[in-house]
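Residue numbers start from 1 in every chain, and the chains themselves are labelled A, B, ... in the order their sequence lines are given, proteins ahead of strands. The structure displayed is predicted, hence computed values, not measured ones.
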Amino acid sequence: MIYDFKSIEKKWKDKIQLEKPFAFKKELKRDKYYCLEMYPYPSGNLHMGHIRNYSIGDVTARYKKLQGFNVLHPIGWDAFGLPAENAAIQNKVPPAKWTFENIANMRRELKDFAFSYDYENEVCTADPSYYQWGQWFFLKMNERGLVYKKKATVNWDPIDKTVLAREQVHEGRAWRSGAVVEKRQIEQWYIKITDYAEELLSGLDKLVDWPERVKTMQRNWIGKSEGAIVNFKFGDDDFPIFTTRTDTIFAATFMAIAFDHQDLESYVEKGNNELLDKVRKFREKCQKINQDSEYEKEGLFLNSYITSPVNQKKIPLYVTNFVLAEYGTGCVMGCPAHDERDLKFAQKYSLPVTIAVKNAEEPTQNQSVAQSVAQSVAYKGDGILVNSGPYNGLNNQVAKKKIIEDLVEKKLARKVVNYKLKDWLISRQRYWGNPIPMLRDASGKYYPESFANLPVSLPQDVEFSGFGNPLETSKSFREVLVKSEAGQEKKLLRETDTMDTFTCSSWYFLRYVDVNNQVSPFDKKLVDHYLPVNHYVGGIEHACMHLLYARFFHKVVRDMGLVNSDEPFTKLTTQGMVVSQSYFSPSLGKYFHLSELGDDRKTCPVTKTPLVIKKEKMSKSKRNGVELKEMLDKYGADSIRLFILFAAPVEKDLEWNEKGIEGCSRFILKVIKWFTKITQEATSSVEANDDDEIKRLSFLINQTIYKVDKDIKRLRFNTAISHMMTFINEVNHLHFSSVGGIKEAQKALRQFLILLSPFAPFISEELFEFFNSNGFVAEQKWPEHQGEWLKADKVDLVVQINGKLRAKVTLPIDQDEEVVFQLAKSEKNVVKHLGDKTIVKKIYVPNKLINLVVKK
RNA sequence: GCCGAAGUGGCGGAAUUGGUAGACGCAGUGGACUCAAAAUCCACCGAAGUUCGCUUCGUAAGGGUUCAAGUCCCUUCUUCGGUACCA
């Protein structure tokens, strides 16, 4: 038998299409397993990153199915978003047409790999039957007071002409278009994710099956800090500041206010117009600063003073370019001795440096702190309070609490918790998204659309000129006539902002359990049975956006009483990227494809200057990708799946290596060779004695079942495959000639094919047909290892002297220490090393090793 | 800076609670088969030495704990990822 993967894969693709072995059956009785991979954006074609993501998920889904679980393993389409609209502008293709054609194409590509999805249970976010429920959730959130509109300085992408979320801006540039981001003031819709900040943070502790780094990233993103708002005084008025270090309050030698603080001008010395003018110029200058790059800390003395609540000291007030208006109160106290950045500022403007906490290890003098401060290093450690009036001598952590308590008692402070997390800006000035179901009257007042009118569908009569929001060009969409209670017709304007696509991906995993529901987003009973998702697989790049929004949405939906669970995803796996060598010519500023280079891969073929060779994520722009179609034609889906799972552990980056796929093809050939040998070529002779071979085979197959099962459970697919390779290598050396031997071999083959099927489904199906001509290997029962076969009757035992390997002896298992010791002592090499030394100690690890500790 | 992850042959990577370092695969070397090549099969494949039995060294670097350390502890270095004026 030759490996004709093309016809094998065609045959089984058709059979899967026809007989639907992976159809999702809603069942509340059987144990469920919900395995989910992050759904793709329908950009046009699948790439290797997708194949890796879905291969990882598919192994788990198929494994659980074989174990008898009712598996929910769905796929869908994150179908809204900018590229569709850009295509509409460039090619005059409607976004819907572009999107749905891409989906059809990518679905076809997915089928080439036999991922165990039910394509009749898809979610497509651009389908009104889905997005109406997104609008429904928006209105429900609005009812719960979680939605509001406010004017805000937003990041404006001048190329895509849209507002960007903070996380969509990287180093001052838009994440998609790469344009330099501008600041603009626009009315925007927000969702109050900050109401859930505390639970989003504390809930992380319960997610024991999430990678530590993802949890850390979310913790930092939420950025909780506990402190106090302390009321300093500006004349008779309050001047509140936020601090987490009340223990350093006596060390405050300047006060700082943000340049964009709304009350800034009221703190400038009264009547000093010259200064006011300077302040305004300073503010203008600050506004031009790119907040993402590093810049010098600067300030301007406002000729006014703030009074400290602890010692009534007058402290000079500065406007600065480094205090953030949106965090805390927009005003802080400057304690140069204990804060790096305050120290820099103080030194620049020759402000005094007072020490409030000294190093506890040097109680008699202040040397260490004073010296380090003199060397421009602020002291941020713990210690004993000095220069702090009644609190002198206290440990600073104690003093911190005491000072707050005292201030709170005098009504001069209150304890507060601050978060870095900002409310979720969901407005997008775009057409291809979920319309926000709100209406506005002439006075600017907003009314929610009524539930009965959902969905608010996207109109067809729009123009894609490339500027502004196309929805504004649709009269049928914009103008709405509603009847008031008095029966009068009233003209309202429909909101033209659409929602951020992250709103769609925040609950798609809930919809999968009930995709055809027309009366509610999903049935509660079904959702409570199938949720939470047991295993979620996707890219690390979603650690702080999608995964946080989805957790938030789930909690809101829970509070609406629609789902019982607190968290949507029990176990999370973040797979590494697929990387490959890229060749960049710095002199030309462009990438070269490998095929464009000659034998000399280190030099630019045009300018003859050295190329920069790096391992980077496969992408079109870096010209280091591979064509999926080409790989499929050359090697078939099974070899690609095997390679992608074999070449690296799932969480690490995977380096593309075509030779590696060939290795996996060779493995499949060896499987076929063994199959052929024991199903076709075997000539039976009843007299033959295969006892030793049968014993060896039983040991090998049971060991392989044991190891593969364990490695799938701990998500080590690379080693699971290596164990199957070892099995095939060994078993190809066994020869059976008796009827009983061949029967045993076929039994082992049958079990082996089930083990192989989650990794290489096509060839497994094809060969398994020998045992089961109508069904699928995917629907068999996962084999269990027989423990008694795992114990070999002989073991290789290691003999060490002082921890160094000196001999190996083969012994029956479970020998007494004394027997092993006597045998070990008589080994030639052991005798040599023992010489006339005395044995002072023996360490015996049964069936593993004996270590003799010797002395002269 | 801070937080997180990781450093093992020529390469991708194994080594589950400390117990034979380098499984499996790629590349390479030698041989068989062949008119020849490809494919396949067999053998070798960390370094140095060797009387071919073995010996010494070797998991980023340096120390430590232990009968025994890639694995545990301390210090340092490097790489990658996240984040950055959050008071």
Can you check each nucleotide of nucleotides 22-34 of chain B against protein heavy atoms at under 4.0 Å and return B for base, S for sugar-phosphate only, - for none, in 5' to 3' order?
-BBSSS-------

Expressed in angstrom and rounded to an integer, what is the separation of M217(A) atom CE from C3(B) atom C1'?
11 Å

Is R714(A) touching bases, backbone alone, or none of the nucleic acid, heavy atoms closer than 4.0 Å?
sugar-phosphate

Indicate whether OP1 or OP2 belonging to U20(B) is found under 4.0 Å from a side-chain N or O atom of K808(A).
no

For F259(A) and C85(B), what is the distance between atoms CZ and P respectively, to the nearest whole Å?
12 Å

Here the distance between atom C1' of C86(B) and atom CG of N418(A), to the nearest Å, is 8 Å

Between H733(A) and A647(A), the residue closer to the 5' end of RNA chain B by nearest nucleotide is A647(A)

Taking the C1' atom of each, how far is G10(B) from C2(B), in whole Å?
38 Å

Does one side chain, of Q581(A) or N624(A), offer a donor that lies under 3.5 Å from an acceptor on the other?
no

With RNA chain B as reference, determine whether G328(A) or D653(A) sits nearer its 5' end, using the nearest nucleotide of each.
D653(A)

Rounded to the nearest Å, what distance is computed from the CD atom of residue E827(A) to the P atom of nucleotide U20(B)?
18 Å

Classify the side-chain pair K670(A)/N729(A) by whether it contains a donor and acceptor separated by less than 3.5 Å.
yes

Distance, rounded to the nearest Å, where K400(A) contributes NZ and A87(B) contributes C1':
12 Å

Complementary nucleotide for U66(B) - Watson-Crick or wobble, under 3.5 Å
none

Write down the partner of G22(B) under the Watson-Crick or G-U wobble criteria, each distance required to be under 3.5 Å.
none

Using atom CZ of F643(A) as one end and atom P of G12(B) as the other, report the distance to the nearest whole Å.
12 Å

Can you confirm whether the side chains of D711(A) and H723(A) place a donor and an acceptor under 3.5 Å from each other?
yes

If you draw the axis of the six-membered ring of F821(A), does the NZ or CZ of K842(A) fall within 45° of it and under 6.0 Å from the ring centre?
yes

Could you write nucleotides 52-58 of chain B as a row of B, S and -, 5' to 3', where a protein heavy atom under 4.0 Å of any base atom gives B, of only sugar-phosphate atoms gives S, and otherwise -?
--SSSS-

Per R716(A) side chain, nearest of listed nucleotides A14(B), U83(B), G13(B):
A14(B)

Whole-Å distance, K848(A) NZ to A21(B) P, equals 13 Å

Among C3(B), G81(B), G82(B), the one nearest any side-chain atom of T216(A) is C3(B)

Any Y327(A) side-chain N or O less than 4.0 Å from OP1/OP2 of A87(B)
yes

The nucleotide from C85(B), G12(B), G13(B) with an atom nearest the side chain of K615(A) is G12(B)

Would you mind pulling out the nucleotide paired to A32(B), Watson-Crick or G-U wobble, both distances under 3.5 Å?
U40(B)

How far, in whole Å, is C42(B) from U59(B) if one measures between their C1' atoms?
31 Å

Hey, are K634(A) and E658(A) close enough for a salt bridge, meaning a charged N less than 4.0 Å from a carboxylate O?
yes

Assess, by modelled atom type and distance only, whether the side chains of T248(A) and Y379(A) contain a donor and an acceptor separated by less than 3.5 Å.
no

Is the centre of the F322(A) ring less than 6.0 Å from the centre of the F259(A) ring?
no

Roughly how far, to the nearest 0.5 Å, is the CD1 atom of I306(A) from the CD1 atom of I315(A)?
8.5 Å

Have a look at V323(A) and say if it touches a base, only the backbone sugar-phosphate, or nothing, with a 4.0 Å heavy-atom cut-off.
base

Are E198(A) and K224(A) close enough for a salt bridge, meaning some N to O gap below 4.0 Å?
yes

On a plain distance test, is the side chain of K297(A) in donor-acceptor contact with the base of C85(B) below 3.5 Å?
yes

Of the listed A87(B), G4(B), C67(B), the closest approach to the N851(A) side chain comes from C67(B)

Is the shortest side-chain N to carboxylate O distance from D205(A) to R219(A) below 4.0 Å?
yes

Taking any heavy-atom pair under 4.0 Å as a contact, classify V332(A): base, sugar-phosphate, or nothing.
base

Can you check the distance between U55(B) and U50(B), where both ends of the measurement are the P atom (answer in whole Å)?
16 Å

Between A38(B) and U20(B), how many Å separate the two P atoms, rounded to a whole number?
40 Å

Salt bridge or not for K808(A) and E827(A), using N-O below 4.0 Å?
no

Could you check, using the six-membered ring where one of them is a Trp, whether Y318(A) and F345(A) have ring centers closer than 6.0 angstrom?
yes

Rounded distance in Å between the P positions of G81(B) and G13(B)
16 Å

Tell me what P649(A) touches on the nucleic acid: a base, only sugar-phosphate, or nothing, going by heavy atoms under 4.0 Å.
sugar-phosphate

Select base, sugar-phosphate, or nothing to describe what E651(A) touches, counting heavy atoms under 4.0 Å on all strands.
nothing

G30(B) to C24(B) separation - P atoms, rounded to the nearest Å:
23 Å

Could you work out the separation of C35(B) and G9(B) based on their P atoms and round it to a whole Å?
44 Å

For the C1' atoms, the ones on A60(B) and on C77(B), what distance do you get once it is rounded to whole angstrom?
7 Å

Quickly work out the N732(A) CG to C41(B) P distance and round it to whole Å.
8 Å

